[in-house]
Amino acid sequence: MPSSLSIGDFSAITHLSIRTLRRYHEAGLLEPAKVDPQTGYRYYSIDQVPAAQVIHRFRELGMPVREVGAVLATADPDARAALIAHHLERLENHLDQTRAAVSSLRRLLQPDPPPIEVEHRSREATTVAAVRATVDLRDVLTWYDDAMRELDATLEAVGLNPAGPPGGLYGNELFTEERGRVAVYFPVADPPHLGRVEPFVIPAGELAVTVHRGPHDDIDVSYGALGMYVAQNALTVAGPVHEIYLVGPRDTDDSTAWRTEIGWPVFRTTAG
């Protein structure tokens, strides 16, 4: 076998199309061993076959060309491992999102979905220790984790035990405008004012309440079902949606055991 391979021969050996090899050359990812100055023909060496196969595998995994180039360019094994690990973590997150979407679709596409269980409840004014902010929707999960950690640390520091499970309040504009007021809290008798933690009184109100069972990946399906119930019964009023985390990641790693209470503000009715 000749040590210098035409682009066609190299394509056949590596299973990378000629078009792809040209694109990788233009991106500086896999440059030919030489280019004929007269004809512009590209020639590759046999030694480049393993590199081409590595590139092929990374591209099959969806790694961007720029990141593949960074992996190939570094001679530091630790740096290379870190770059690969970052991409694998991204793949795992994408796989989790795909699984969650499939689970939601299966639930949504059931021929006869079970009816939602809704309870009408009057909520008394509740004193809580809260962290509140205006947050972008894309940042709400990260903000929630940080706020809950600060709440935990603050209550432990001042020696307060919560009087119930944690909860959250989510303004309508968070979903309609992708930015809105958010609060997470613990009910306590005498809330401290320390750092971002502050006393807050959740006003009394009427709620239509349902319980979402399982992981939060498809909690929007439960939101949709509750919202449909409220709209169909002409009960809705403006106000933040309430969540109470009866059982969650803080309590168990078994996501099938999680229970999240969702409360939708409604006007007071004479029934019940």
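Both backbone and side-chain heavy atoms feed into the values below; hydrogens, waters and symmetry mates do not.
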message: Give me each pair satisfying ring-ring contact (aromatic ring centres under 6.0 Å, His included) with a member in residues 12-39, each pair once, sequence neighbours excluded.
response: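 Residue pairs with at least one partner in residues 12-39: there are none.
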field: Selection residues 132-178 - residue pairs positive for ring-ring contact (aromatic ring centres under 6.0 Å, His included), sequence neighbours left out
entry: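 Those involving residues 132-178 are Tyr144-Tyr245.
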My understanding is that only residues two or more places apart in sequence, or in another chain, count here; which of them pass side chain to side chain contact (heavy atoms under 4.5 Å, CB included) with [X]?
X      : value
Ala79  : Thr74, Asp76
Val209 : Arg121, Leu207, Glu261
Arg57  : Glu60
Pro240 : Leu169

message: Filter on salt bridge (charged side-chain N to carboxylate O under 4.0 Å, His left out), then keep only pairs touching residues 169-183, sequence neighbours left out; what's left?
response: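 Matches after skipping sequence neighbours: Asp136-Arg179.
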field: Residue pairs involving residues 29-41 (criterion side-chain hydrogen bond (donor to acceptor under 3.5 Å, both in side chains); sequence neighbours excluded)
entry: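 The answer is none; no pair qualifies.
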message: Give me each pair satisfying side-chain hydrogen bond (donor to acceptor under 3.5 Å, both in side chains) with a member in residues 183-197, each pair once, sequence neighbours excluded.
response: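 Pairs touching residues 183-197 that pass the test: Arg123-Tyr185, Glu150-Arg196.
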- request: Name all residues meeting the side chain to side chain donor-acceptor pair (under 3.5 Å) criterion together with Thr260; count only those two or more places apart in sequence or in a different chain, and write none if there are none.
  value: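 Counting only residues at least two positions away or on another chain, Thr260 forms a side chain to side chain donor-acceptor pair (under 3.5 Å) with His216.
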message: Under a 3.5 Å cutoff, is there a donor and acceptor pairing between the side chains of Tyr229 and Glu117?
response: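 Glu117 and Tyr229 do not have a side-chain donor-acceptor pair below 3.5 Å.
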- prompt: Which residues pass the ring pair (Phe, Tyr, Trp, His ring centres under 6.0 Å) test with Phe186, sequence neighbours left out?
  reply: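 Expected list: none.
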field: Partner set under ring pair (Phe, Tyr, Trp, His ring centres under 6.0 Å) for His242, not counting sequence neighbours
entry: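 Result, ring pair (Phe, Tyr, Trp, His ring centres under 6.0 Å) vs His242: none returned.
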Minimal non-hydrogen separation, Thr14 against Ala52, with atom names: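 Closest pair (atom of Thr14, atom of Ala52, distance): CG2-CB, 3.7 Å.
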